[in-house]
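To start, the structure under review is shown below, and the notes come after it.
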Amino acid sequence: MPLPRTAGGLSLDDLDRSILNLIQAHFPLVAEPYKAMGEELRISGEEVKARLERLKAGGFIRRLGAIFDSRKLGYASTLCALEVPEQRIEEVAGIVNSYPGVTHNYLREHRYNMWFTVIAQGNEELISLLDDIEARTGLKPLNLPAVRFFKVRVDFQVKGEIGVASDG
Amino acid sequence: MPLMDKELVRALQRDIPFSDRPFADIGLLVGSSEEQILESIRSLVQNGTIRRFGAAVRHRELGINANAMVVWIVPENRAEEVGTIMASFREVSHCYQRPTAGDWPYNLFTMLHGYTRQECRATAESISRATGIKDYELLFSTRELKKSSMEYFRGNGEDEMT
């Protein structure tokens, strides 16, 4: 029976899925973490490491490490939106993406179609970055910094049937 | 922040090695012991500076192709209560209140992820029922234009002063 295929062409089995489900929010903070994961999954630490290498190489794991709260590190952050004419999307995306402080940028289905996050070493630097984007694109970003935080918890549940075409 | 901690942040924001003792290896980079590194991480997780220690997965590669930013119009006097209810949904990964501006009337933002758009719509409907908020829109992403991790304290020596 063939293993389910993914968009990337690399197939994942149940063990890979278990690893991915475990490793997002339950990484063991111990001296030998891969051995500890192996104990939980009843495989060797060596196999855990090998599978992680493969998952990383295959593009399923973006990175493994500490995910910081930028505000706690003294950085300022915000979410911005632009209303970009269809024919200018590539051009404007290129400009917006050129800043290291722009970490995420997504095209969405709305009149405000380009949504991006900005992290900077303080509010002045942040506003200056946005002013720069406005000057270079001729478009003024909507600036929507959080006024109340309720939740950030990224922990995707990896299920068995993947590769099914979505309507998104 | 003391110099040591900035170095630690720099070391930790890269991928940790797939080695037998990855924290000992990080310790070698910054001149600390394995136990000191582990203690530092635990303490940073405890105080929320490290939001999460683990893997960031590429969810689109895993078939999680429906990603909706759902935006809601919530009366200010209900924002705290409604945001808390929204955050309690497992499918909601992010929940923030943000300002409104000009022609943008939505003040609560929830990120929903699913395998299909229908899944996301159904979750949004559940949230709407649970909160009584009927004014909302789902803004599905169609393209990931950029997804990168922030490099904190990139350091050219200038931020080394304590």
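Just so it is clear: chains get the letters A, B, ... in the order the sequence lines come, proteins before strands, and each one is counted from 1. Heavy atoms only: backbone and side chains are in, while hydrogens, waters and symmetry mates are out.
Only the side chain of A:Glu46 has a heavy atom closer than 4.5 Å to any heavy atom of chain B. Contacts of A:Arg111 with chain B are made by side-chain atoms alone, with heavy-atom separations under 4.5 Å and no backbone atom involved. Within the 4.5 angstrom heavy-atom criterion, only side-chain atoms of B:His113, from C-beta onward, approach chain A. Both the backbone and the side chain of B:Gln13 come within contact range of chain A, judged by heavy atoms closer than 4.5 Å. Interface residue A:Ile23: backbone and side-chain heavy atoms are both found under 4.5 Å from chain B. Proximity to chain B is absent for every atom of A:Thr117, based on heavy atoms less than 4.5 angstrom apart. Contacts between B:Ala79 and chain A at a heavy-atom distance below 4.5 Å involve backbone atoms as well as side-chain atoms. Both the backbone and the side chain of A:Phe68 come within less than 4.5 Å of a heavy atom in chain B. Proximity to chain A (any heavy atom under 4.5 Å) is shown, for B:Arg90, by both the backbone and the side chain. For chain B, the nearby parts of A:Leu79 are the backbone and the side chain; heavy atoms of each come within less than 4.5 Å. Only the backbone of B:Ser19 comes within contact range of chain A, with heavy atoms under 4.5 Å apart. Interface residue B:Leu38: only side-chain heavy atoms are found under 4.5 Å from chain A. Heavy-atom distances place no part of B:Met86 under 4.5 Å from chain A, backbone and side chain included. Proximity to chain A (any heavy atom under 4.5 Å) is restricted, for B:Asn47, to the backbone atoms N, CA, C and O. Contacts of B:Glu80 with chain A are made by both backbone and side-chain atoms, with heavy-atom separations under 4.5 Å. Interface remark: B:Ala24 contributes no atoms to any contact with chain A (heavy atom separation under 4.5 Å).
For the atom pair B:Cys95 SG and A:Arg148 CZ, the distance stands at 11.0 Å (nearest 0.5 Å).
Under a 3.5 Å cut-off, the side chain of B:Tyr136 and the backbone N or O of B:Ile127 do not form any donor-acceptor pair. A donor-acceptor pair is defined here as one N or O able to donate and one able to accept, closer than 3.5 Å; such a pair exists between the side chain of B:Arg52 and the backbone of A:Gln24. Not a single donor-acceptor pair under 3.5 Å links the side chain of B:Ser128 to the backbone N or O of B:Ala124.
Between A:Met114 and A:Leu139, the closest side-chain pair of non-hydrogen atoms is not below 4.5 Å. No side-chain heavy atom of A:Asn97 sits less than 4.5 Å from a side-chain heavy atom of A:Phe116. Contact annotation: the side chain of B:Tyr115 approaches that of B:Ile64 to within less than 4.5 Å [non-hydrogen atoms, C-beta and beyond]. A 4.5 Å side-chain heavy-atom check between B:Leu139 and A:Tyr106 finds every atom pair outside the cut-off.
Side-chain contact of A:Asn105 with A:Tyr99: a donor-acceptor pair under 3.5 Å is absent, judged by distance alone. Side-chain contact of B:Glu76 with B:Gln97: a donor-acceptor pair under 3.5 Å is present, judged by distance alone.
Residue with the most contacts toward chain B among A:Pro145, A:Ala93, A:Ala81: A:Pro145 (heavy-atom pairs, distance under 4.5 Å). Chain B forms more heavy-atom pairs under 4.5 Å with one residue of A:Asp155, A:Val30, A:Asn113, A:Ile89 than with any other, namely A:Val30. Contacts with chain A were tallied for B:Ile26, B:Asp103, B:Leu108; B:Asp103 has the most, counting heavy-atom pairs under 4.5 Å. Chain A forms more heavy-atom pairs under 4.5 Å with one residue of B:Leu44, B:Thr84, B:Asn67, B:Leu138 than with any other, namely B:Thr84. Taking A:Leu29, A:Ile67, A:Asp69 one by one and counting their heavy-atom pairs under 4.5 Å with chain B, the maximum is reached by A:Ile67. Per-residue counts of heavy-atom pairs under 4.5 Å with chain B were compared for A:Asn143, A:Leu144, A:Ile61; the largest is that of A:Leu144. When each of B:Glu144, B:Met111, B:Arg58 is checked for heavy-atom pairs under 4.5 Å with chain A, B:Arg58 comes out on top. Among B:Met69, B:Arg21, B:Glu91, the residue with the largest count of heavy-atom pairs under 4.5 Å with chain A is B:Met69. With respect to chain B, the highest number of heavy-atom pairs below 4.5 Å among A:Gly45, A:Pro28, A:Ser70, A:Ala25 belongs to A:Ser70. Contact count versus chain A (heavy atoms, under 4.5 Å) is highest, among B:Ala68, B:Gly48, B:Ser88, for B:Gly48. Most heavy-atom pairs under 4.5 Å with chain B, from the set A:Lys35, A:Lys56, A:Glu53: that is A:Glu53.
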Taking it one step at a time, do A:Glu47 and A:Arg54 satisfy salt bridge (charged side-chain N to carboxylate O under 4.0 Å, His left out)?
CA-CA 11 Å; A:Glu47 188 170 356; A:Arg54 191 169 150 270; over 6 Å; no

Would you check, one step at a time, whether the test salt bridge (charged side-chain N to carboxylate O under 4.0 Å, His left out) holds for A:Arg63 with B:Glu151?
CA-CA 13 Å; A:Arg63 55 172 291 253; B:Glu151 269 184 68; over 6 Å; no

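With A:Leu20 as reference, A:Val158 is the one residue of A:Leu52, A:Leu15, A:Val158 to meet the side-chain contact (heavy atoms from CB on, under 4.5 Å) rule.
The aromatic ring centres of B:Phe109 and A:Phe150 sit 6.0 Å or more apart.
Note on ring orientation: taking the six-membered ring where Trp is involved, the planes of B:Phe23 and B:Phe53 are tilted (angle from 30° to 60°).
For the pair A:Pro141 and A:Cys80, the tightest heavy-atom approach, listed with the atom from each and the gap, is CB-CB, 4.3 Å.
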